Amino acid sequence: MRPDRMILSTYLDGEIPARFVGEIESAIASDPAVRADYQEFVELRRRLPPVTADRVAQSAQTSWASIRSRLHASHEPARHHTVSIPIPALGVAAAAIVALAAGLIFVATRPTSAAAETYLSGRHASDVAVTIRVDGSDMERVLQWLADKDMLGEINIQLPEQQFRIVGEPVLVKPAQYQGQVPE
């Protein structure tokens, strides 16, 4: 077995179970790379001051004092700093804002396509001329649909010429005179 650096550190701290100690010591003695890593940890330990409960408590106090001072400093009002912006960058930013505003105005003011039913039921219904071609049997349904949607205005019905003949003279009748009877 070749112990890695983590196992060597744990061995040096005396935290390895006794049944593995012999294998680790054998690897340190026989493998030059493991021995070099182990010697590096020994040298590092020699340079570091010993860890005692007093040193840990002192380190904790120092850390908490540093954290408190940073938290306190973050609540103080910020000092004013000057930032210089080059004129070309300012011009590019202004051009981008103008282009964005123009795009938004274009999108907001362009006409949108709407469904025919929505358009015809709106305020523009009187301005629209619509041509609908239907078979004679569907005419009643189309007229009923238009009446249901309250979209009946002026309706011109063009009848096919080959099926009808005009017989006699047309008579003009005023609406006040017509009471459901045909004049003679």
Side-chain angles (χ1 to χ4, degrees), residues 1-125 127-128 130-134 138 141-142 145 148-151:
M1 168 180 104
R2 182 176 205 188
D4 62 8
R5 293 177 60 85
M6 182 65 87
I7 291 176
L8 287 175
S9 175
T10 308
Y11 167 76
L12 193 57
D13 292 340
E15 298 172 351
I16 294 288
R19 63 180 182 200
F20 298 112
V21 170
E23 290 179 42
I24 293 172
E25 288 174 348
S26 171
I28 291 171
S30 64
D31 190 335
V34 173
R35 187 176 324 109
D37 287 343
Y38 176 72
Q39 289 300 326
E40 184 180 332
F41 281 128
V42 169
E43 181 62 25
L44 184 61
R45 177 173 261 193
R46 188 185 63 76
R47 289 184 187 172
L48 291 174
V51 178
T52 63
D54 291 339
R55 280 189 160 253
V56 171
Q58 182 184 6
S59 176
Q61 282 182 336
T62 305
S63 296
W64 279 114
S66 173
I67 291 170
R68 282 189 196 110
S69 70
R70 286 185 185 186
L71 286 175
H72 180 68
S74 68
H75 292 298
E76 292 178 3
R79 294 188 178 107
H80 297 289
H81 298 283
T82 348
V83 177
S84 63
I85 300 174
I87 296 294
L90 193 58
V92 169
I97 290 171
V98 168
L100 179 63
L104 288 174
I105 290 170
F106 173 75
V107 168
T109 60
R110 78 168 187 215
T112 58
S113 61
E117 181 179 341
T118 305
Y119 187 75
L120 291 174
S121 64
R123 62 182 177 87
H124 301 288
D127 302 338
V128 177
V130 177
T131 301
I132 302 173
R133 295 184 190 269
V134 294
D138 292 333
R141 285 189 7 207
V142 170
W145 181 81
D148 289 346
K149 301 296 181 185
D150 195 27
M151 295 177 6

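Note that this is a predicted model, so its numbers are computed, not measured.
Remark: the backbone N or O of G22 is not paired with any side-chain donor or acceptor of S26 at under 3.5 angstrom. With hydrogens and angles disregarded, a donor-acceptor distance shorter than 3.5 Å links the side chain of T62 to the backbone of Q58.
Among all heavy-atom pairs drawn from R19 and E23, the shortest one is O-OE2, 4.4 Å. Nearest approach of R45 to D13, heavy atoms of both residues: NH2-OD1, 2.6 Å. The nearest pair of heavy atoms linking A33 to R2 is CB-NH2, 2.8 Å. Between R35 and A29, the shortest heavy-atom contact is NH2-O, 2.8 Å. Across every non-hydrogen atom of L8 and P3, the tightest pair is CD2-CG, 4.1 Å.
Using a 4.5 Å heavy-atom cutoff, the side chains of I97 and L100 are not in contact. Residues F41 and Y11 have side chains not in contact (no heavy-atom distance under 4.5 Å, counting atoms from C-beta outward).
Here CD1 of I7 is found 12.0 Å from CG of D37. Values are rounded to the nearest 0.5 Å. The OG atom of S66 sits 13.5 Å away from the CD atom of Q61 when rounded to the nearest 0.5 Å. To the nearest 0.5 Å, atoms CD (E40) and CG (L12) are separated by 11.5 Å.
Applying the 6.0 Å contact sphere to CD of E25 captures more than 12 heavy atoms from other residues, nucleotides or ligands.
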